[in-house]
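The first residue of the sequence shown is numbered 1, and numbering continues consecutively from there.
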Amino acid sequence: QVPLVESGGGEVQAGGSLRLSCAVSGSIFSIIAMGWFRQAPGKEREFVSAVSWSGGSTYYPDTVKGRFTISRDNAKNTMYLQMGSLKPEDTAVYYCAAGSRVFWRSHYTDRGRYDYWGQGTQVTVSS
């Protein structure tokens, strides 16, 4: 199992910005894509963003498009999620994920396509 370590979570006021990081501690030889998912209390875990590890293609749902930006630094084995214009609705535990069976557009939003998961980092947006 490839360990993923998230960092950068915290509490910010509405309209503020925050950057999350996900470091891969180990081999990423088989990883094709990395992504972010989030889960609020009482809610299902939802897709936030994803990036193709080699090509750099990015994917976003309408809920965050235009506000969040995902990126990756292959040399540092690190993925980032820059979050801006944060809203209270963004409050959730954010999870980093890595997948080796991600090939089609629909796969990037599918939790089942990701093989490795971080333990989550709390993001709280106050109003």
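- With Arg72 contributing its side chain and Trp53 its backbone, the two residues share a donor-acceptor pair below 3.5 Å.
- Atoms CE and OG1, on Met34 and Thr78 in that order, are 8.0 Å from each other to the nearest 0.5 Å.
- Residues Tyr59 and Thr109 are not in side-chain contact: their nearest non-hydrogen atoms beyond the backbone lie 4.5 Å or more apart.
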- Task: Kindly indicate, with the supporting measurements, whether the criterion side-chain contact (heavy atoms from CB on, under 4.5 Å) is fulfilled by Asp90 and Phe68.
- Result: CA-CA 11 Å; Asp90 295 317; Phe68 292 8; 3.9 Å; yes
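- Atom OH of residue Tyr108 and atom CZ of residue Arg113 lie 11.5 Å apart, to the nearest 0.5 angstrom.
- Annotation: side chain of Trp117 is in contact with side chain of Arg111 (closest heavy-atom distance under 4.5 Å).
- Taken to the nearest 0.5 Å, the OG atom of Ser100 stands 6.0 Å off from the OH atom of Tyr116.
- No donor-acceptor distance shorter than 3.5 angstrom exists from the side chain of Arg101 to the backbone of His107, with no hydrogens or angles considered.
- Evaluation of the side chain to side chain contact (heavy atoms under 4.5 Å, CB included) rule for Asp73 yields Ala75, Lys76, Tyr80 as partners, not counting sequence neighbours.
- Judged by distance alone, with hydrogens and angles left aside, the side-chain atoms of Thr121 form no donor-acceptor pair with the main-chain N or O of Tyr94 at under 3.5 Å.
- Ring centroids of Tyr114 and Phe37 are separated by less than 6.0 Å, placing the two rings close together.
- One distance of note links CD of Gln39 with CD of Glu44; it measures 8.5 Å at 0.5 Å rounding.
- Between Lys87 and Val125, every side-chain heavy-atom pair lies at or beyond the 4.5 Å cut-off.
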- Please step through side-chain contact (heavy atoms from CB on, under 4.5 Å) for the pair Glu11 and Ser126, ending with a clear verdict. CA-CA 7 Å; Glu11 184 174 356; Ser126 60; 4.0 Å; yes
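- In terms of heavy atoms, Ser17 sits closest to Val12 at O-CG1, 3.9 Å.
- Of the possible polar contacts, none joining the Glu46 side chain to the Arg38 backbone as a donor-acceptor pair under 3.5 Å is found.
- Under a cut-off of 6.0 angstrom, the local environment of CD in Glu89 is crowded, with over 12 non-hydrogen atoms contributed by other residues, nucleotides or ligands.
- The distance from the CG atom of Leu86 to the CD atom of Gln13 is 10.5 Å, given to the nearest 0.5 Å.
- Nearest heavy-atom pair, Leu81 versus Ser49, reported as atom, atom and distance to 0.1 Å: CD1-CB, 4.1 Å.
- By the 4.5 Å heavy-atom criterion applied to side chains, Leu20 and Glu6 are not counted as neighbours.
- The distance from the CD atom of Gln119 to the CG atom of Leu4 is 9.5 Å, given to the nearest 0.5 Å.
- For the residue pair Ala40 and Thr91, the shortest heavy atom distance occurs at CB-O, 3.7 Å.
- Considering all non-hydrogen atoms of both residues, Ser127 and Ala14 come closest at CA-CB, 4.4 Å.
- Within the 4.5 Å cutoff, side-chain heavy atoms of Trp36 are placed close to those of Cys96.
- Applying the side chain to side chain contact (heavy atoms under 4.5 Å, CB included) criterion to Val93, with sequence neighbours excluded, gives Tyr95, Gln122.
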